[in-house]
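Each remark here refers to the structure printed beneath this line.
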Amino acid sequence: MSQNSIMPGFRLTIGFTVVYLSLVVLIPLSTLVFQSFRLSWDDYLHIITNKRVLSSFYVSFSTAIVAALVASFFGFIVAWVLVRYEFFGKRFFHALIDFPFALPTAVAGIVLATIFQPSGFLGKLLIDTIGVQVAFKPLGIVMALIFISIPFIVRTVEPVLLEFEASMEEAGASLGATRLQVFNRIIFPNVFPALLTGFALAFARGVGEYGSVIFIAGNLPYVSEIVPLLIVTKLEQFDIEGATAIALTMLVISFLLLFVINTLQYWVRKRSGQL
Amino acid sequence: MSILLSNISKQFGAFSALSNINLEIPEGELVALLGPSGCGKTTLLRIIAGLEQADKGRVLLSGVDKTTQNVSKRGIGFVFQHYALFRHMTVFENVAFGLRVKPRRERLDNETITKKVHALLELVQLDWLHDRYPDQLSGGQRQRIALARALAVEPSVLLLDEPFGALDASVRKDLRQWLRNLHHELNVTSIFVTHDQEEAMEVASQVVVLNHGRIEQQGTPSDIYDHPANAFVSRFIGQTNIFDMAEQDADWLQIAGLLPTQKESKIAHVRPHDIIIEKTSANQDAPATLKDWQHLGALIRLELVKNGSNANTPSVFAEMPNEQFKQLALSRGDKVALQIRQAHWFQ
């Protein structure tokens, strides 16, 4: 650490960072790990291999992944439109994007459940026209997760698109590339790392999301019951061991998945000369 | 490929970037579009490339009207001011890009592409950098890679936007020479934009001087230097002393040998090297005093003040070879006589 850099204070800030991460992240999480030590390995296995628990894991992770993928696709389009074009009401849309961040998730959940339930405005329309029921199904969970995770994608992709040098596109075109080739080979590879970050954020949020999901999900065991709900249910029944075991498993899987995404991101950046 | 522009006009809002540009560039020339910033030279280059559409007028390449054709179909090579290299691709992939995006039936096989890219990288003397990324290169290297990338598609016209603008002086000097040689070798019609008159004179075989969206003069560098078409060109190309007959002492100018050739000529432009300096003895009634001088290498630039003038009168600049200056053995404050050999007269 150079002593004559313009902004000193490495020791102070690293000290703060360590204390902060310990108090806010590491200590609570390690408590969870220590709690789980009360369980024997057999008890632990018994809890998490329960069929209802397994299917809730399946529901939680599959809906989170699908929602993050869909949100990535649509979020990218929204970011593209907000960056590339000038149109009436752009600032209004800008403000609208952040809305799911600010809205209490339970409110979002209730609203979504109201309009997507079979008798609701959109729910009825969807059942009548294409015969798809959204509410009280995993599809409803995906719907809610898309709603809350789109801002993550938009806000991570937007700055990268803003900074993107238009002359790179022009260079591509002058070399004979079609519009599709310019997008596929020049624009997208440059935005992809940011999109991956957005995806990871959306996914992480989706896995842990509770408030907006429980109203629209219907919470049918084996069908649309998510892990966070199962944990709360267990806690309400004073089954602390059960809740701990599930929570720990969720923590480990989430950690592994985020690790995989980050590795992928590192690899993409390295391959594209950004590292 | 020859280039013909007829009646090109372009507006940006209320600002007229180009008005009625007519320009013909024969095949194989290396042309400089020269002008101060904001004169429309880059816009003109982008219109030739198809990156910008003219409001009026037509662009003909080899006699074929390409006015509305998309940039990707024009068969031009464009080198951007800030290179616009693809950051996420290696140097090799950057150069190969134009070959890889060709439609399948025109595309070369991989082996041929590899061979060709390496040949191009050797042409720009950077084959050893083929697996680097653009961010790892210096400005001069990026510029040459950008050129190799543009050349890969075998363009019939090469367009360069301020190709040396972002480089430091010594690299710029080398690259100018190198571009000239490369042009001799490939003989592809090339146009480059610059605001640096020295660069235009040094590199180009034809110079087009632009100002306020109009062409002021087109010709060989020596044409433009020796026979400037108007006061703007004369001022813009090289150093010039400007004498306005209405404002300055006509007698003084006559003593210096400056006589209007025609009645309507009012302003004289005199190149510094067209002024001959002679030392006079201190008590003589001399026309000027040596105020200062600067060393320009082979030449010395002398700053002279007209005797009896007030402080607002601009200094007169003269240039002479180093050797000659030493022989005169002048020092600051010496009185000198001056002789103007020739001048360009404008109204």
Side-chain angles (χ1 to χ4, degrees), chain A residues 72 76 79-80 83-88 156-200 261-275, chain B residues 42 45-46 48-52 69-103 106-107 131-137 142 145-155 157-162:
Chain A
S72 297
F76 183 89
W80 177 271
V83 169
R84 289 291 172 123
Y85 310 112
E86 287 303 320
F87 53 91
F88 181 76
T156 47
V157 169
E158 205 180 8
V160 181
L161 278 177
L162 264 177
E163 269 179 38
F164 187 80
E165 263 184 88
S167 61
M168 271 204 265
E169 288 164 46
E170 292 181 337
S174 78
L175 291 166
T178 61
R179 284 180 184 147
L180 193 66
Q181 283 171 324
V182 169
F183 182 83
N184 286 341
R185 289 169 181 252
I186 298 170
I187 300 173
F188 191 73
N190 275 286
V191 180
F192 189 59
L195 192 62
L196 216 50
T197 304
F199 177 84
I261 294 172
N262 278 327
T263 311
L264 183 64
Q265 194 169 25
Y266 176 81
W267 178 75
V268 167
R269 279 187 198 275
K270 184 140 191 127
R271 238 182 70 101
S272 61
Q274 290 179 33
L275 278 180
Chain B
T42 294
L45 194 76
R46 289 172 64 85
I48 299 172
L51 291 168
E52 206 98 55
Q69 198 178 39
N70 192 280
V71 54
S72 61
K73 305 253 161 60
R74 283 199 192 184
I76 49 101
F78 201 99
V79 177
F80 292 81
Q81 188 178 0
H82 299 290
Y83 326 124
L85 292 176
F86 306 133
R87 295 182 48 199
H88 59 293
M89 294 182 197
T90 59
V91 163
F92 181 93
E93 284 303 321
N94 262 281
V95 177
F97 184 86
L99 302 171
R100 294 208 199 282
V101 296
K102 278 189 198 297
E106 290 171 37
R107 206 184 305 156
D131 55 355
R132 303 281 183 92
Y133 286 94
D135 285 352
Q136 302 165 325
L137 307 182
R142 282 184 216 182
I145 297 301
L147 199 59
R149 182 178 68 176
L151 290 172
V153 290
E154 293 174 14
V157 179
L158 189 60
L159 306 171
L160 306 103
D161 186 7
E162 299 264 6

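In what follows, every chain begins at residue 1, and chains take the letters A, B, ... in the order their sequences are listed.
- Across all non-hydrogen atoms, the minimal contact from A/Leu175 to B/Val101 is O-CG2, 3.9 Å.
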**OP:** Tell me, with the steps shown, if A/Ser174 and B/Ile76 meet side-chain contact (heavy atoms from CB on, under 4.5 Å).
**Re:** CA-CA 7 Å; A/Ser174 78; B/Ile76 49 101; 4.1 Å; yes
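- For A/Arg179, the part sitting under 4.5 Å from any heavy atom of chain B is the side chain, from C-beta outward, and nothing else.
- Using a 4.5 Å cut-off between heavy atoms, B/Leu85 contacts chain A through its backbone alone, with no side-chain atom that close.
- Put simply, CD on A/Gln181 and NZ on B/Lys102 are 11.0 Å apart, with the number rounded to the nearest 0.5 Å.
- With a 4.5 angstrom heavy-atom cutoff, B/Arg149 touches chain A via backbone and side-chain atoms both.
- For the pair A/Glu165 and B/Arg87, the salt-bridge criterion is not met [side-chain N within less than 4.0 Å of a carboxylate O].
- When heavy atoms are compared at a cutoff of 4.5 Å, B/Arg46 approaches chain A solely by way of its side chain, counted from C-beta outward.
- Nearest heavy-atom pair, A/Ala173 versus B/Val71, reported as atom, atom and distance to 0.1 Å: CB-CG1, 3.6 Å.
- By the 6.0 Å contact criterion, CD on B/Glu106 is enclosed, its count of non-hydrogen atoms from other residues, nucleotides or ligands being greater than 12.
- Note that CZ of B/Phe86 and CD of A/Glu169 are 10.0 Å apart. Values are rounded to the nearest 0.5 Å.
- The part of B/Ala150 that comes within reach of chain A is its backbone (N, CA, C, O), which places non-hydrogen atoms under 4.5 angstrom from that chain.
- For chain A, the nearby part of B/Phe80 is the side chain; its heavy atoms alone come within less than 4.5 Å.
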Subject >> side-chain contact (heavy atoms from CB on, under 4.5 Å) assessment of A/Arg185 paired with B/Phe97 >> reply: CA-CA 9 Å; A/Arg185 289 169 181 252; B/Phe97 184 86; 3.9 Å; yes
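- B/His88 places no side-chain N or O within 3.5 Å of a backbone atom of A/Phe188 that could act as its donor or acceptor partner.
- Annotation for A/Ala177 and B/Ser72: closest pair O-CB, 3.6 Å, computed over non-hydrogen atoms.
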